[in-house]
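Start at 1 and go down the list; that is how both ligands and their atoms are numbered. Position 1 is the first residue of the sequence; numbering continues from there.
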Amino acid sequence: MKTRKPSKPQQFNAPPRFAVAILAAGKGTRLKSQLPKVLHQIGGKPLLQHVIDAARQIVPAKDIFAIIGHEAERVKEAVAHSGIGFVLQKEQLGTGHALMMSRQTLAGYDHVLVLSGDAPLIRAATIAQLRDYHLQQNAAMTLLSALPPDPFGYGRVLRKAKSSALVTAIVEEKSLTPSQRKAHLREINAGFYAFAVKPLYSHIDRLKTENTHHEFYLTDMAAILSKSNSKVVATAAADDMEVLGINTRVELARLDAMLRDRKCHELMLSGVTIFRPETCVIDADVKVAPDTVIEPSVQLLGSTKIGANCLIRSFSVIQNSTLGENVLVRPGCILDEAQVANGALLGPYSHLRPGSEIGEGAHVGNFVETKKIKLGKGSKANHLTYLGDAEIGAGVNIGAGTITCNYDGVNKHQTIIGDGVFVGSDTTLVAPIRLGNGAYVGAASCLTEDVPDDSLAVARARQMNKDGWAKAKREQMAAKKR
Ligand code: UD1
Ligand code: CA
């Protein structure tokens, strides 16, 4: 018998509309760089991109706005592919001013989550915690706080009473009064906030620049809102590492190390073996399937994806490449934008340049360089070879020292090698050229013409032996010496 489900209670309140604003307009003077601060990289991508990627797990890209100013065009260009919006803060008159510039953009939202573009370790779960606590408390302003071992340099959180949920103010390090300094206030303002848009903008014009930096401090909104009887609360981050910001290159290196440590940790817990993980450099977006083993001093960069059961041996650098399952990468290989199918074997010391597609079970060996090639299933190029702009079939044997002469000084030309071809050692293939299926090339040939299927091609000078010539030469030289 069918029972009718009770109909859901009618929804009168639409879910609150959240925007994310990322503060990214500052110059980053202390980095001493031409590059804007938020474009400096850790874990293989810009600081700002880390924050955007975390925010995208909370709201869709169209509801994320980066507030940019210093080198705005350059910043925009670097992250525009994420599909986010931008607000221009032409002059950087402080974090409060950054939000003043966003008034129109945020007008259609109920709440805004304000994130710091220079604090890349923030996790989506922590942004969600801030959002949820803000909604649950029905607050006008909620800030994320932390209790780092050394609070020096941060704004401090003042609460109404010791264990009160209510915040009355945030005081910047430089503005602490002597008695506040004595109180050893440990709870710091992490620089992440949730605001209800309405109270924020009905009071934001009360911000003043009477402070050490003569800037509009967003942090002053805590006191302004609290005094106007709006609710200001704080929720503490579970991990105070997450809220660390970057101001110097020393901090940049430290956070990069922390991020990569976190990455190795995640991979190991997901089933990847990494020996001496502290020596490996694995970018944030790299994916590795379980039971793959990574030896010390390996770099996996960019959008690299590695299948299950691979072994990546030491000193290999793999960037923006995809490896299937059961691939063996012997020591010292360099891969860039390469595709490697299941069971292939690379190295030691192979160099796979962009557009290299290595087929199932194929071998690329010592000192072999490839570029824009397809190497078919089970084909082998084991030693000292250059293969560029080539399509190579299945079951092909490329002898040691084979070279595709793909460049005539102006244009690049294609080499096509059919299935089952045997290319003898030290062969030069002057492209454009085609070797038919089953062809056989004599060693040390310099081929300039196509080879038909199943034919032998030999293109080298004939050998000549002169009987006794060497012996006679030796005797002649010995006689001269006497
Ligand atoms: C800020 C907080 C401080 C907090 C700390 C946490 C203020 C006044 N202070 O200090 O309480 O403990 O973060 O890290 O907010 N920015 C703009 N436009 C501007 C100025 C800054 O977009 O006009 C951006 C910066 O690029 C940066 C972020 O805002 O990404 C924070 O600014 P920053 O100057 O680094 O603030 P802090 O001194 O770290
Ligand atoms: Ca900062």
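Proximity to Ala24 (heavy-atom distance under 4.0 Å) selects the following atoms of ligand 1: 22 (O). Counting the atoms of ligand 1 from 1 in the order shown, those under 4.0 Å from a heavy atom of Gln89 are 17 (C), 18 (N), 19 (C), 22 (O), 23 (O). Applying the 4.0 Å criterion to heavy atoms of Ser116 picks out, from ligand 1, the atoms 28 (C), 31 (C). Heavy-atom contacts of Ala190 reach the following atoms of ligand 1: 6 (C), 14 (O) (cutoff under 4.0 Å). The ligand atoms of ligand 1 that sit less than 4.0 angstrom from a heavy atom of Leu93 are 23 (O).
Glu173 has a carboxylate O that lies under 4.0 Å from a charged side-chain N of Arg181, or vice versa, which qualifies the two as a salt bridge.
Aromatic ring pairs are classed by plane angle as parallel below 30°, tilted from 30° to 60° and perpendicular above 60°; the pair His111 and His134 is perpendicular.
Using 4.0 Å as the threshold, Ile188 has no heavy atom nearer than that to any atom of ligand 1.
For atom 35 (O) of ligand 1, a protein heavy-atom neighbour is found at a distance under 4.0 Å. Within the 4.0 angstrom cut-off, atom 39 (O) of ligand 1 has no protein heavy-atom neighbours.
Remark: minimum distance from atom 32 (O) of ligand 1 to any protein heavy atom is reached at Thr95 CG2, 3.8 Å.
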Evaluation steps, side-chain contact (heavy atoms from CB on, under 4.5 Å), between Lys371 and Asn406
CA-CA 10 Å; Lys371 186 216 71 173; Asn406 58 331; 3.9 Å; yes
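Of the listed options Leu23, Asn247, Leu99, Leu218, Leu23 places a heavy atom closest to atom 30 (O) of ligand 1. If you check each of Tyr193, Phe192, Tyr217 against atom 8 (C) of ligand 1, the one with the closest non-hydrogen atom is Tyr217. For atom 5 (C) of ligand 1, the nearest non-hydrogen atom from the set Asn189, Asp118, Leu143 comes from Asn189. Considering only non-hydrogen atoms, atom 19 (C) of ligand 1 lies nearest to Gly94 out of Ala25, Gly94, Pro36, Gly26.
The residue Ala119 has no part lying near ligand 1, judged by heavy-atom distances below 4.0 Å.
Here's the thing with Glu172: one of its N/O atoms is less than 3.5 angstrom from an N/O atom of ligand 1. Residue Tyr154 has no N or O atom closer than 3.5 Å to an N or O atom of ligand 1. Of the N or O atoms in Gly155, one or more lie within a sub-3.5 Å distance of an N or O in ligand 1.
Closest of all the heavy-atom pairs between Ile358 and Ala344 is CG2-CB, 4.1 Å.
When the Ca ion (ligand 2) is compared with the N/O/S atoms of Asp118, atom OD2 turns out nearest.
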